[in-house]
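The next block holds one structure in the form of structure tokens; read it before the comments.
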Amino acid sequence: MGTVFSFDIRDQRTPVLHAALREAVVWLHHVDEVFSTYRPDSVISRLGRGELHPAQCPQEVRDVLALCAGAERTTGGWFSDRAGGTLDPSGLVKGWAVEHASRILREAGARNTCVNGGGDLRLTGEPFPGTPWHIGVAHPLRPGELCTLVTGRDLAIATSGTAERGAHILDPRRRAPAAGPASLTVVGAGLTLTDAYATAAFAMGERAQDWLESLDGYEGFAVTWDGASWRTSGFPEAAVTTPTAQRSGT
């Protein structure tokens, strides 16, 4: 998927958890093989070229395409798996893959974990007893600095922007680079839709704050190109002086 994944597991080490971690890593490699748009032989690449019909694809591909269609409806078309004119569900599939990897760990008994897929995170439990996770969001205009801290338990965080990968997010209505803020972070319960909504909100540009404010169960924070910022009313922000466990930023 063109990015780095990491696991932070704060539970006691056991053979069962080690096996689950290996399973989660195998799962992520499998997702890359099936969904990577960088691989010409992946199922998603072959489907996009018309060499396969959806009915010939594994159930997981059909599931992801259904999730993409739902996200497109919810966002009024600002999320699209064909924003650039060819099939590319990357704006949702990374969050979906991380969510499943987190579930593998949880089903093996891990209760306090952070799975980080290129700056998009799924967190469960706590890093230390009685202490919530503190996640630093990288400042898009000031390398090495944070623009905000997110604090909480059992949540998902996704950040969309151009600081790390350039103008890779497209406006599906113009099929051109989106004129979004410098970065936009969305917080929700599960990473699959949090990831997709961060992509859509970035593409919306100035419309994003009002849309996120109206969206039940999700909050947002953005840094604009002039260095200012905005946040929705329920954004779970902490003081920037608090130590961080991970960073969110793409």
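We use all heavy atoms of the structure for the numbers below, so side chains are in, but hydrogens, waters and symmetry mates are not. Residue numbers count from 1 along this sequence. As the structure is a prediction and not an experimental result, all values here were calculated from the model.
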Evaluate ring pair (Phe, Tyr, Trp, His ring centres under 6.0 Å) for Trp78 paired with Phe202, printing each intermediate quantity in order.
CA-CA 9 Å; Trp78 286 105; Phe202 184 91; over 10 Å; no
I'd like to know whether Val34 forms a side-chain contact (heavy atoms from CB on, under 4.5 Å) with Asp32, so could you lay out the CA-CA distance, the side-chain angles of the two residues, the decisive distance to 0.1 Å, and finally the verdict.
CA-CA 5 Å; Val34 173; Asp32 187 57; over 6 Å; no
Here's a test for you: under side chain to side chain contact (heavy atoms under 4.5 Å, CB included), which of Leu92, Val93, Leu87 qualifies with Leu65?
Leu87
Taking all heavy atoms of Thr75 and all of Ala200, pick out the closest pair and write down the distance.
CG2-CB, 3.6 Å
Working to the nearest 0.5 Å, report the span between CD of Gln209 and CG of Leu212.
8.5 Å
Does atom CD of Gln12 have more than 12 heavy-atom neighbours from other groups under 6.0 Å away?
no
Using atom types as modelled and distance alone, determine if a side-chain donor or acceptor of Ser214 lies under 3.5 Å from a backbone N or O of Trp211.
yes
Is Arg82 salt-bridged to Asp88, cutoff N-O under 4.0 Å?
no
Donor-acceptor contact present, side-chain Glu219 to main-chain Gly234, <3.5 Å
yes
Would you call Ser229 and Thr224 a side-chain contact if the rule is heavy atoms closer than 4.5 Å?
no
According to the salt bridge (charged side-chain N to carboxylate O under 4.0 Å, His left out) rule, which pairs have a member within residues 98-110, sequence neighbours left out?
Glu99-Arg122
Spacing of Asn112 atom CG and Phe128 atom CZ [to the nearest 0.5 Å]:
10.5 Å
Rounded to the nearest 0.5 Å, what separation is found between the CG atom of Asn116 and the OG atom of Ser102?
12.0 Å
May I ask you to test the Phe221-Val187 pair for a side-chain heavy-atom distance under 4.5 Å?
no
Between Gly130 and Pro132, what is the shortest heavy-atom contact and its length?
O-CD, 4.0 Å
Taking C-beta and beyond as the side chain, do Thr37 and Ser90 meet within less than 4.5 Å on heavy atoms?
yes
Polar side-chain atom of Gln56 near backbone of His53 as donor-acceptor pair, under 3.5 Å:
yes
Approximate separation, where rounding is to 0.5 Å, of Leu47 CG and Arg62 CZ:
11.0 Å
Between atom CG of Asp11 and atom CG of Leu105, what is the distance when rounded to the nearest 0.5 Å?
9.0 Å
How long is the gap from SG on Cys57 to CZ on Arg46, to the nearest 0.5 Å?
8.5 Å
Under 3.5 Å: donor-acceptor pair, side chain of Thr232, backbone of Gly220:
yes
Minimum heavy-atom separation for Ala108 to Leu17, with atom names?
O-CD2, 3.5 Å
Contacts table for residues 188-195: side-chain donor-acceptor under 3.5 angstrom, sequence neighbours left out:
from: Thr194; atom 1: OG1; to: Gly190; atom 2: O; distance (Å): 2.7
from: Asp195; atom 1: OD2; to: Gly95; atom 2: N; distance (Å): 2.9

How about Glu60 and Trp96: do any of their side-chain heavy atoms sit closer than 4.5 Å?
yes
Gly70 backbone acceptor or donor facing Thr74 side chain under 3.5 Å
yes
Would you say that Ile135 contacts Leu121 through its side chain, given a criterion of any heavy-atom pair below 4.5 Å between the two side chains?
yes
I would like to know whether Ser183 and Thr159 meet side chain to side chain donor-acceptor pair (under 3.5 Å); could you show each step before the answer?
CA-CA 7 Å; Ser183 74; Thr159 298; over 6 Å; no
If you look at every heavy atom in Ala198 and Leu184, which pair is closest and at what distance?
O-CD2, 4.3 Å
For atom CD of Glu206, is the number of surrounding heavy atoms from other residues, nucleotides or ligands below 6.0 Å larger than 12?
no
Under a 4.5 Å cut-off applied to non-hydrogen side-chain atoms, are Trp133 and Asp8 in contact?
yes
Quick one: are Glu126 and Arg10 in side-chain contact, heavy atoms under 4.5 Å?
no
For Gly152 versus Leu155, what's the shortest heavy-atom pair and its separation?
C-CD2, 3.5 Å
His139 side-chain N/O to Val137 backbone N/O, donor-acceptor pair under 3.5 Å
no
Identify the heavy atoms of His134 and Thr151 that sit nearest to each other, and give their distance.
NE2-OG1, 3.5 Å
How about Lys94 and Asp120: do any of their side-chain heavy atoms sit closer than 4.5 Å?
yes
Taking atom types as modelled, find out whether Ser42 and Ser36 have a side-chain donor-acceptor pair closer than 3.5 angstrom.
no
Using distance only, find each side-chain donor-acceptor pair of residues 20-28 under 3.5 Å and give its atom names and separation, not counting sequence neighbours.
from: Trp27; atom 1: NE1; to: Ala97; atom 2: O; distance (Å): 3.0

Would the number of heavy atoms belonging to other residues, nucleotides or ligands and lying under 6.0 Å from NE2 of His18 be above 12?
yes
